[in-house]
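All heavy atoms count here, side chains included; hydrogens, waters and symmetry mates do not.
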Amino acid sequence: MPTSPGDLVLDARDLHKTYSTGRSGLRRSRVSAVDGVTLRLHAGESLGIVGESGCGKSTLARMLVGLERPDSGSIEIHGRDVTRVRGRDRRLLRRQVQMVFQDPYTSLDPRMSVLDLISEPLVVHQRVSGGAARRDKVAELLSLVNLAPELMHRYPHQFSGGQRQRIGIARALALDPEVLVCDEPVSALDMSVQAQVVNLLRDLQRRMGIALLFIAHDLSVVRHVADRTAVMYLGRLAEIGDTTTVYEDPAHPYTRALLSAAPVVDRSRRRLADRIMLAGDPPSPTNPPTGCRFHTRCRFAQQRCAEEQPVPRPLDSGLDRTVACHFAEEISASVVPPTQVGRPATVR
């Protein structure tokens, strides 16, 4: 379906996903990987998702591309809920959202040539007929990611990590998707190659007008790529908004702590550069805290935080962002530097 810049392409609402991890005594232990996440993605925009390992980023990505089915919630593409349709309609909608995986060494079948790897989705979805048309399309896609078309007859082991990731990107673009979900696409690559892949993704986004969902641990990469940034903690969204606003004036205590842990080269940007040391250990995902899941480590925590789960809401400042914190306005307006704030209040 043709889109214009700014059109709503993907609308995920109140997504939940829980996994069983086996028995603990007489009870079956369960992990809530994604707990009530809502986000939207418009044509031509890029949304970055950051957070600690195990916070649910990859599970969320896999649900959006259809590799995992949410326990509840909806995922709409152009207003149609793909979790409710079946058969041909589901395939037609699902091909609009494609994925670039984290590890280019395991995401490509070593027994298949590049020609077969990239053309496989074209054959499955009956987008090409005949060997010549298949080769022409693969040659076009390889050129798109700056690889020579004559390389299509080689196998994955004959390429470097950066080249393999470009092959993965070409495969993801084969069906002309409107949303490209990138799950840590550069974390397995050398530093010298990461910038090339990131710049390629940004260039493809501008040229093709696709929406980009970019998951990464490296906050500097997300800042370079994303128009908006979402911060996840223990399966929930802590904060989401314009990237510059989130990075320069974080409203959620966890966002402040996460940004403070990132290396800062420019000493003129030292306001959040001093490390915020979080109290306590990370909670167990099988037994998360009541109320706000961050309250056991938050220096701003009060009794309400332990008793009442904060609902994501717009800030009174009128900025285009939402935050799941009872005291976001007070924290954002505070003139006390984060590193000088006392230890968390005792919450029972």
Side-chain angles (χ1 to χ4, degrees), residues 1-3 43-44 46 61-62 65-67 91-92 94-216 218 221 224-225:
M1 180 181 296
T3 57
S46 54
R62 292 174 67 85
V65 299
L67 295 176
R91 289 194 300 271
L92 289 173
R94 274 300 176 196
R95 75 185 189 193
Q96 300 299 324
V97 184
Q98 295 293 308
M99 190 169 188
V100 177
F101 294 90
Q102 176 179 359
D103 189 352
Y105 294 93
T106 59
S107 60
L108 302 178
D109 190 334
R111 298 166 298 180
M112 298 176 67
S113 68
V114 171
L115 172 63
D116 293 332
L117 284 166
I118 296 178
S119 64
E120 184 178 35
L122 296 169
V123 174
V124 170
H125 288 269
Q126 300 179 344
R127 297 289 296 273
V128 294
S129 59
R134 189 166 67 106
R135 289 189 294 272
D136 289 344
K137 183 61 177 179
V138 170
E140 176 188 335
L141 290 165
L142 286 173
S143 298
L144 196 63
V145 298
N146 301 326
L147 288 176
E150 55 266 24
L151 299 176
M152 70 173 69
H153 298 293
R154 295 187 181 182
Y155 288 81
H157 73 273
Q158 297 175 285
F159 295 90
S160 67
Q163 290 174 322
R164 293 189 198 193
Q165 197 61 295
R166 290 172 185 266
I167 294 169
I169 294 170
R171 181 176 62 180
L173 295 175
L175 297 176
D176 299 318
E178 296 184 42
V179 179
L180 195 61
V181 177
C182 302
D183 185 13
E184 301 273 5
V186 298
S187 63
L189 305 178
D190 294 338
M191 290 294 295
S192 60
V193 182
Q194 289 185 9
Q196 299 175 20
V197 174
V198 168
N199 289 333
L200 172 64
L201 288 169
R202 288 292 282 170
D203 181 59
L204 290 171
Q205 182 193 20
R206 296 189 196 99
R207 291 163 58 187
M208 303 176 68
I210 58 178
L212 191 66
L213 186 84
F214 194 94
I215 296 172
D218 192 328
V221 171
H224 176 69
V225 170

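Between Pro121 and Arg95 there is no side-chain heavy-atom pair separated by less than 4.5 Å. With a 4.5 Å cut-off on side-chain heavy atoms, Val221 and Phe214 count as touching. The shortest distance between side-chain heavy atoms of Gln96 and Leu175 does not fall below 4.5 Å. Contact annotation: the side chain of Leu173 approaches that of Leu144 to within less than 4.5 Å [non-hydrogen atoms, C-beta and beyond].
Not counting sequence neighbours, the partners of Arg127 by the side-chain hydrogen bond (donor to acceptor under 3.5 Å, both in side chains) test are Asp176.
When atom types are taken as modelled, the side chain of Asp109 and the backbone of Arg111 share a donor-acceptor pair closer than 3.5 angstrom. Judged purely by atom type and a 3.5 angstrom limit, Gln205 uses its side chain to pair as donor or acceptor with the backbone of Gly44. Remark: side-chain polar atoms of Asp116 are not paired, donor with acceptor, to backbone N or O of Met112 under 3.5 angstrom. Between the side chain of Gln98 and the main chain of Pro177, no donor-acceptor pair closer than 3.5 Å is present.
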Does the side chain to side chain contact (heavy atoms under 4.5 Å, CB included) test come out yes or no for His125 and Leu92, once each step is laid out? CA-CA 9 Å; His125 288 269; Leu92 289 173; over 6 Å; no

With side chain to side chain contact (heavy atoms under 4.5 Å, CB included) as the test, would you mind laying out the steps for Ile215 and Gln102 before giving the verdict? CA-CA 9 Å; Ile215 296 172; Gln102 176 179 359; over 6 Å; no

List the steps, then state whether side chain to side chain contact (heavy atoms under 4.5 Å, CB included) holds for Val145 with Leu141. CA-CA 7 Å; Val145 298; Leu141 290 165; over 6 Å; no

Criterion side chain to side chain donor-acceptor pair (under 3.5 Å) on Ser119 and Arg135, from CA distance to verdict: CA-CA 8 Å; Ser119 64; Arg135 289 189 294 272; over 6 Å; no

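Legend: side chain to side chain donor-acceptor pair (under 3.5 Å) pairs involving residues 140-169, not counting sequence neighbours, sorted by first then second residue: Ser160-Gln163.
The shortest heavy-atom contact between Cys182 and Leu212 is SG-CD1, 3.6 Å.
A donor atom on one side chain and an acceptor atom on the other are not found under 3.5 Å apart for Ser129 and Arg134.
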